[in-house]
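Here's the structure, in C-alpha cells; my notes come after.
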There are 2 protein chains.
Amino acid sequence: MASTAPATAPLDAGTPGNMADVRRSNLALVLGRVVQSPAGFHLTRAQLAAATGLTKASVSSIVLDLLDAGILREVGLSRQGERGRPGVGLELNPSRGVMGMEINVDYIAAGVTSLSGELVVKEVRERDNRDSASGAVMSALAALALGVRQAASALGVDVLGGGLAVPGLVEAGSSTVTVAPNLGWVDTKLDVARLLPGVPLGVSLFNEANAAALAELAHSPHGRDFLFISGEVGVGGGLVLNSELFTGPEGNAGEVGHIVVDPEGTPCSCGGTGCLETIAGQDAIFSAAGITVKGRTRTESMADLLGALAAGSPAALTAVQRAGRALGVAVASASRVVNVRAVVLGGHFAVLDQWLHGPLLESLAKYAPGALPPEHVITSTVGDAGALLGAAGSVVRSLVEAPYRLQA
Amino acid sequence: MASTAPATAPLDAGTPGNMADVRRSNLALVLGRVVQSPAGFHLTRAQLAAATGLTKASVSSIVLDLLDAGILREVGLSRQGERGRPGVGLELNPSRGVMGMEINVDYIAAGVTSLSGELVVKEVRERDNRDSASGAVMSALAALALGVRQAASALGVDVLGGGLAVPGLVEAGSSTVTVAPNLGWVDTKLDVARLLPGVPLGVSLFNEANAAALAELAHSPHGRDFLFISGEVGVGGGLVLNSELFTGPEGNAGEVGHIVVDPEGTPCSCGGTGCLETIAGQDAIFSAAGITVKGRTRTESMADLLGALAAGSPAALTAVQRAGRALGVAVASASRVVNVRAVVLGGHFAVLDQWLHGPLLESLAKYAPGALPPEHVITSTVGDAGALLGAAGSVVRSLVEAPYRLQA
DNA sequence: CTTATATAGTTCAAGCGATAAACTAACTTG
DNA sequence: CAAGTTAGTTTATCGCTTGAACTATATAAG
C-alpha cells in the first residue's frame with residue numbers, strides 16, 4: 001500500500017522568507033519523493049537529485065538531516081550488476097508509525113500504519129456512540145488507542161502522531177466538532193491530545209469523508225483533483241484539489257450531501273430542502289425501498305436491501321435508481337462550481353454501484369454533458385478503512401511538509 | 001480607487017528552492033504591502049519593515065531593487081511634526097501603467113490604469129462582434145489598444161502589460177477560448193501578444209466574470225473569499241478563494257450559470273437541463289417578462305424591463321422573482337461545495353437587485369439555512385467597468401508576484 | 001543655543017543554504 | 001589490472017537575511 005501523496009511546503013505567504021524556509025521546502029521536496037516512491041523500491045541520493053532537480057551535494061546534506069531525525073534509513077545497495085558504484089538505497093524508517101483513529105455511530109477504531117502506509121495493527125471496538133457524551137467516547141477511544149500503541153510498540157513501531165476522523169463537521173484546523181448529527185454533538189471541543197500523550201506530531205481532527213478522501217488520494221488512480229462522495233447515514237464529501245484536501249475558509253467545503261437536487265423536495269436534517277441526503281442517504285433509501293431499520297443494525301438493513309435488489313424488488317430498484325439520479329444532479333452542479341475531473345464513490349454508494357452507476361451517468365449526461373468523462377466516475381479503491389487510513393496518512397503529510405518538527 | 005489585493009508568491013512546490021526564491025518572496029511581500037496601502041498614504045521603509053516582519057536592512061535592499069526597476073518611487077518626507085528623523089515616503093511609480101481590454105458582444109474596450117489602479121485613459125468602441133471572425137475582432141481591438149496606449153504615453157504613463165477579458169471559457173493559463181457562445185467562437189486561439197507589442201509583462205486572457213471578480217476583490221469589502229455572479233446574456237461566475245481567483249484544473253470553475261436549479265427545467269445552451277442560466281439569464285428574464293428583444297439593443301430591452309417593473313407588471317415581477325429564487329438555489333448549492341462566505345452580484349443582477357434581493361434571500365434560507373449571513377449577499381461595488389479593471393489589475397498582481405520580471 | 005532623545009536608514013560582519021567543480025569511493029568491463 | 005562509469009563527499013563561492021553598530025535628521029528639554 002502506498003502512502004499519502006506529498007505536497008511540498010511553500011513559503012508562507014505574508015511572512016518573511018529566509019533560508020530556513022528554503023531548507024524546509026527542499027527537505028519536503030526530497031522526503032516527498034521518497035514517500036511517493038513505490039513500496040519496496042529504494043531510491044538513492046543520486047536518483048533523488050535527478051528527480052528533484054537539486055544538486056547531489058544538497059541532497060546529501062538533506063538526507064543526512066532526515067537520517068539524523070530518524071525519518072529515513074539506509075538500506076543495502078541498489079543497482080547491483082550495472083556499471084559504476086552502486087548507490088545506497090533509502091527508505092522510510094520502518095520503526096516509525098502513525099495512528100489513525102475513528103469515532104463512528106456504532107464503533108470506535110484505532111490502527112497504526114508505518115510511514116509508508118502499511119497497516120501494522122488495527123483494532124475495532126463495537127460501541128453505540130449515539131447521544132453518548134463526547135468525554136465518555138473519548139475515554140473509550142483513549143483506552144483503545146493506548147492498547148494499539150503498545151501493540152505497535154511491541155512490533156517495534158513507535159507512533160509519531162495521529163489523526164482522528166469523526167462523522168461531523170470540523171472547524172478548519174481546530175479540534176472542535178461544529179455539529180455531528182448522528183452522534184448528537186454540537187460545538188464539541190475534543191481533547192484530542194490525550195489520545196496519544198507525548199507524541200511529537202500531535203493529533204489532528206478530521207471530518208470522516210475528508211479523511212477518506214485523503215486515503216483515496218494516496219491510492220489515487222484519479223489524479224490530483226477529484227470529489228469523493230461517501231454514502232453513510234448522511235452523505236459526506238471530500239474535495240481534493242491539486243493533491244490537497246480543500247476544506248474552505250470555515251472548514252465545511254465539499255459538503256455535497258446538502259447540494260439542492262430537488263427544489264420541490266422534502267426537508268433535510270440540515271434545515272434545508274431537497275438536499276442530496278434526503279434522497280441518497282441510507283435512511284432515505286431504506287425508507288423508499290421499504291426496508292425495516294428499527295431494531296436492526298445498519299449492516300443487517302443493508303443486507304436486506306441487497307437481497308431485495310437481487311430479488312428484483314421494484315421498490316428497492318426505484319429507490320436506488322432515484323438516489324443515482326440525485327447523485328448525478330449533485331455531481332453536475334458541483335462540477336460547475338469547482339471543475340472536478342473525477343468522482344469517487346464510497347460507503348454504500350460503492351456497495352450499490354451496480355444499480356446506481358447507470359442512473360448516475362444518465363443523469364450527469366442530462367444535466368452537465370461533457371463536464372467530466374463517464375469513466376472518471378469510479379468507486380472507492382480503499383473501502384471501509386478509508387477514514388482510518390486517511391487520518392493516519394494525514395500525519396505523514398504533515399511530517400513531509402515540516403520534517404523539522406521531529407528534530408526539535 | 002485601490003488596486004488589486006496582493007498575494008505574496010510562494011515557492012513553487014515541486015521545484016527546488018534557493019535563495020533567489022526567498023528574494024522573490026520577500027520582494028512580493030514588500031511590494032504587496034505598498035500596493036495594499038490606501039491611495040495617498042505613503043509607507044516608509046521603517047513602516048514596511050514593521051509591517052512585514054523583515055529587518056530594516058532587508059527592506060532597504062529590497063526597496064532599492066524596486067526603485068531600480070522603476071516600480072517604486074520616493075516621494076518627499078513623511079511623519080513631519082513628530083520626534084526623530086522623518087522617513088522617506090514610497091509610492092508606486094505613477095509613470096507605469098497596465099492595460100485592461102475587453103471584447104464583448106456589442107463593443108470592444110481598452111483602458112489604462114496606473115499601478116495603483118487609477119484609470120488614466122479609457123475608450124469604448126461599439127462593434128457587433130456576434131459571429132465575427134476572431135481575427136477581425138482582434139485587429140480592431142489592436143488598433144484601439146494602440147490608440148489608448150499612445151494616449152497614456154502622452155500623459156506620461158508607460159504600459160507594462162495587459163489583460164484581456166472575453167465572454168467565454170478560457171483554458172487555464174493559456175490564450176485559447178474554449179467556447180464563447182455569444183461570439184460564436186469555439187476552441188479559438190487568440191494572438192493576444194500582438195495587442196501590446198513589446199510590453200515586458202505580456203498580455204494574459206481571462207473570462208469576463210473572472211476578471212470582474214478580481215476587480216471586486218480589489219475593492220473588496222467582502223474579504224478574501226466570495227463568489228461573484230454576473231448576469232449578462234449568460235450567467236457567469238468568478239470564485240475567489242483566499243484572495244486568489246480559483247479557476248480549477250481546467251479553468252472553468254466558478255461557472256455557476258450552469259448549476260442545476262430545476263431538474264424538471266428546460267434545456268440550456270450548454271446542453272444541460274434546468275441550469276441557472278435558463279431562468280436567470282437575460283434572454284430568459286426578457287422572455288418570461290414579455291419584453292421584446294428582436295430589433296432592439298440590450299440596453300433598450302433592459303430599460304423596458306425596468307419600466308415594466310416600476311409600473312408593477314405582474315409578468316415582469318414574476319420573471320425577476322423567479323430568477324431571484326433560482327439564484328438562491330444556486331448559491332445554496334455552491335456554498336455547500338466550496339463554503340463561500342459572501343456573494344457579490346453584478347451585471348443585470350445588480351441592476352435588478354431591489355426586486356431580486358428578497359426572493360434570493362428567502363430561497364437561500366429555505367435551501368441552505370445558515371450557510372452564509374444575509375448581509376453577505378451584496379451587489380457589485382465596481383459596476384460595468386469590472387471586467388476591464390480586473391483584467392488590468394491582474395497584471396499588477398502578476399507584477400507583485402514576480403517583480404523580477406521587470407529587471408531582466 | 002546646546003544637549004538629550006527618538007526615529008530612519010545604511011553599513012558591516014556573520015551565518016546559512018544552494019551550487020558547481022573537484023575529488024574520493026566502489027563497482028563493471030575488457 | 002587499467003579504464004570507464006556511476007555514487008557520494010568535500011571545498012570554495014555566491015547570495016540573502018540578520019543583528020548590531022553606526023550615521024543622519026528630526027523634536028524636546030534645559
Side-chain angles (χ1 to χ4, degrees), chain A residues 8-9 11-12 15-31 34 42-68 72 74-90 403-404 407, chain B residues 8-9 11-12 15-31 34 42-68 72 74-90 403-404 407:
Chain A
T8 55
L11 282 182
D12 273 338
T15 61
N18 54 32
M19 282 163 308
D21 294 312
V22 174
R23 184 60 162 190
R24 195 157 31 80
S25 169
N26 288 338
L27 226 14
L29 184 63
V30 168
L31 185 52
V34 177
H42 300 134
L43 288 161
T44 66
R45 289 170 178 80
Q47 289 168 332
L48 282 169
T52 58
L54 290 161
T55 60
K56 288 191 296 176
S58 295
V59 170
S60 278
S61 158
I62 286 168
V63 165
L64 195 64
D65 274 5
L66 294 171
L67 289 170
D68 283 349
L72 290 187
E74 294 192 331
V75 50
L77 299 185
S78 75
R79 228 183 43 84
Q80 283 166 353
E82 290 174 48
R83 293 180 83 127
R85 171 177 167 180
V88 179
L90 298 166
Y404 263 175
Q407 297 180 303
Chain B
T8 56
L11 282 183
D12 273 338
T15 60
N18 54 32
M19 285 163 308
D21 294 312
V22 174
R23 184 61 160 190
R24 196 157 31 79
S25 169
N26 288 338
L27 228 13
L29 184 63
V30 169
L31 185 51
V34 177
H42 300 134
L43 287 161
T44 65
R45 289 169 178 81
Q47 290 169 331
L48 283 169
T52 58
L54 290 160
T55 60
K56 288 191 297 176
S58 294
V59 171
S60 277
S61 157
I62 286 168
V63 166
L64 195 65
D65 274 6
L66 294 171
L67 290 170
D68 282 350
L72 289 187
E74 293 191 332
V75 50
L77 298 184
S78 75
R79 226 185 47 83
Q80 284 165 353
E82 290 173 48
R83 290 181 85 128
R85 171 177 167 180
V88 179
L90 297 165
Y404 264 176
Q407 296 180 304

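To find a chain, count down the sequence lines: A is the first, B the second, and so on, and within it residues start at 1.
For B:Arg85 and D:dT27, the shortest distance from a side-chain N or O to OP1 or OP2 is not below 4.0 Å. At the phosphate of C:dG17, neither OP1 nor OP2 sits under 4.0 Å from any side-chain N or O atom of B:Asn18. Here A:Asn26 does not reach the OP1 or OP2 of C:dG17: none of its side-chain N or O atoms lies under 4.0 Å away.
Going from atom CZ of B:Arg45 over to atom P of D:dA24 covers 16 Å, rounded to whole Å. As a whole-Å value, the separation of B:Leu48 CG from D:dT17 C1' is 17 Å. Residue B:Leu43 contributes atom CG, which lies 12 Å from atom P of C:dA8 at whole-angstrom precision. When the P atom of D:dT18 is taken as reference, atom CZ of B:Arg23 falls 11 Å away, rounded to whole Å. Put simply, CD on B:Gln47 is 13 Å from P on C:dT7, counting in whole angstrom units. Rounded to whole Å, the distance from CE on A:Met19 to C1' on C:dA14 is 10 Å. Distance, B:Glu74 CD to C:dT10 C1': 13 Å, rounded to whole Å. Rounded to whole Å, atom C1' of D:dT27 lies 10 Å from atom CD of B:Glu82.
Near DNA chain C, defined here as any heavy-atom distance below 4.0 Å, the residues from residues 53-63 of chain A are A:Leu54, A:Thr55, A:Ala57, A:Ser58, listed numerically.
Distance check, rounded to the nearest 0.5 Å: CD1 of A:Ile62 to CG of A:Leu31 gives 10.5 Å.
No side-chain donor-acceptor contact under 3.5 Å links A:Ser61 and A:Ser58.
With contacts defined as side-chain heavy-atom distances shorter than 4.5 Å, the pair B:Glu74/B:Arg45 qualifies. The closest side-chain heavy-atom distance from A:Asp65 to A:Arg23 is below 4.5 Å. For the pair B:Met19 and A:Met19, the minimum side-chain heavy-atom distance is below 4.5 Å.
Taking the side chain of A:Ala46 as heavy atoms from C-beta on, and the options D:dT27, D:dA7, C:dT29, the nearest nucleotide is D:dA7.
The main-chain N or O of B:Gly17 is found under 3.5 Å from a side-chain atom of A:Asn26 such that the two form a donor-acceptor pair.
The side-chain hydrogen bond (donor to acceptor under 3.5 Å, both in side chains) check on A:Ser60 picks up nothing, with sequence neighbours excluded.
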